[in-house]
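So the structure is just underneath, and the comments pick up after that.
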Amino acid sequence: MNKEEKRRQNKKVAGKSLGLYLHIPFCEERCSYCDFLTFPKVPFLHQGYVDTLCRDIVLSREEGIFEGRTVDTIYIGGGTPTILTLPQLDQILTTLHSLPLDIREWTVEVNPGTLSDEKLGLFIQGGVNRISFGVQTMDPGLLAFCKRTHRSETVYRDMDRIRSRGAGDLAINMDFIYGIPGQETSHIDRDLAAIRVLDPDHISWYSLILEEKTLLDFWIRQGRAKPLSPDRELILMERAFRGLEDLGYDRYEVSNFARTGKVSLHNLKYWTGQDYLGLGLGASSYLNHRRFKKARGIGTYSKEINQGRPAWTEEVRTEDDDLFEGLMMGLRKLAGIDRAAFRERMGVDPLVRSRAIFEKEKALGLVDWTEETLFLTPKGLDLQNEVLMDLMEDFHLS
Ligand code: SF4
């Protein structure tokens with residue numbers, strides 16, 4: 001497809017809003033459980049990468065991707081974006097401001113201890129209105145086990161600094177993990193006690209996924225660490241989630257909780273099948289029902305971008321793949337899938353394609369629906385994997 005054809009195609013989406021994700025693939029250390037696309041201890045690569053990422057942003061604009069669209073949410077994630085220097089972050093923010101922005105939410109991921117006053121000032125001035133802290137646990141022993149580079153006191157210090165700056169409009173998310181080997185309910189209680197004091201607007205509390213080829217995987221295979229049983233994990237999850245609800249947080253997605261009006265608008269785009277553009281190494285995009293992935297090799301990514309090519313490939317997908325993904329993501333929200341919006345987007349009511357499966361799951365008390373929505377029941381949320389397995393089978397994906 002030549003540039004003119006691309007421009008014409010992009011024009012068909014005139015008036016749409018767009019989410020934008022930027023990937024910063026650098027960290028101070030690699031955490032023991034992490035298999036993300038990130039490289040620790042390579043500061044000599046940072047400036048070249050930032051130059052290429054900025055070129056990627058400009059190239060996307062030149063390709064016409066933003067024509068007829070405004071970017072209303074930005075998420076700068078990684079990795080650890082705040083590992084970059086002040087001038088490098090400034091360079092990225094300045095380049096972003098060359099895009100058509102009408103920002104409702106702009107998040108930067110931060111590891112505790114990496115947000116200097118200068119970087120905080122730059123973010124606030126640049127339009128960032130949400131900080132997402134990777135806290136994971138407030139227990140010193142578990143932090144060490146996870147090979148996190150911060151201490152629990154660092155989180156208090158960072159929050160004091162943000163609040164004493166009067167940055168009251170800055171929404172704060174904190175990520176936590178349950179299911180770490182050795183984690184007890186007392187550790188969860190400690191996390192909840194910290195949340196009570198720190199009072200963030202939003203909490204993402206994910207279960208630890210044991211990924212292959214991580215240090216944790218190696219430790220487990222060597223017998224140096226023991227994974228928690230599913231029953232133990234369930235106990236920790238229930239303790240955490242009940243505790244958050246007692247603190248007044250509303251659960252609105254399987255692992256996400258927010259104060260009123262503080263849900264993550266960017267992440268909602270993922271869960272409701274809205275368009276987003278991912279720039280940077282390995283980033284995914286979902287545009288007009290098509291999915292693209294940027295190169296995962298830093299050499300290939302840089303070479304392609306610097307030669308004026310977008311460095312992405314399109315995933316081969318069927319309509320059924322798109323539909324299944326829409327159902328799977330939509331059912332993660334407690335409010336479920338808005339049937340009219342889904343029909344508008346996908347051309348079909350979410351109940352139609354797998355009616356027999358949903359009827360069966362309704363009889364088991366896992367799923368329910370009204371004229372407006374299709375949603376998992378509380379029992380269905382706990383047994384979400386069973387619902388997804390049935391759906392996968394129906395879509396011949398298992
Ligand atoms: S800080 Fe985040 S991205 Fe970096 S290694 Fe740890 S978990 Fe992975």
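Note that ligands are numbered from 1 as they come in the structure, with each ligand's atoms numbered from 1 the same way.
- For atom 4 (Fe) of ligand 1, the closest non-hydrogen atom of the protein is C27 SG, 2.3 Å.
- Judged by the shortest distance from any of its heavy atoms, E29 lies inside the 4.0 Å radius around the atoms of ligand 1.
- Residue contacts with ligand 1, taken as heavy atom pairs separated by less than 4.0 Å, involve C31 via backbone and side-chain atoms alike.
- Proximity to F36 (heavy-atom distance under 4.0 Å) selects the following atoms of ligand 1: 3 (S).
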(request) Decide ring-ring contact (aromatic ring centres under 6.0 Å, His included) for Y252 and H202; before the verdict, give the C-alpha distance in whole Å, the side-chain angles of both, and the deciding distance to 0.1 Å. (result) CA-CA 11 Å; Y252 71 101; H202 189 283; 5.6 Å; yes
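- When only modelled atom types and interatomic distance are considered, D51 and Q91 share a side-chain donor-acceptor pair under 3.5 Å.
- Checked by atom type, the side-chain pair N256/R332 shows no donor-acceptor distance below 3.5 Å.
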(request) Before giving the answer on salt bridge (Lys or Arg N to Asp or Glu O under 4.0 Å), spell out for D322 and R317 the whole-Å C-alpha distance, their side-chain angles and the decisive distance to 0.1 Å. (result) CA-CA 7 Å; D322 201 35; R317 282 154 54 89; 2.6 Å; yes
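- With 3.5 Å as the limit, one finds no donor-acceptor pair spanning the side chains of E184 and S186.
- Ligand 1 lies less than 4.0 angstrom from a heavy atom belonging to R148.
- In this structure, G79 has a heavy atom closer than 4.0 Å to ligand 1.
- The protein non-hydrogen atom at the shortest distance from atom 1 (S) of ligand 1 is N111 ND2, 3.1 Å.
- The protein atom (non-hydrogen) at minimum distance from atom 8 (Fe) of ligand 1 is C34 SG, 2.3 Å.
- Looking only at atom types and distance, the side chain of Y75 has no donor-acceptor partner in the side chain of N267 under 3.5 Å away.
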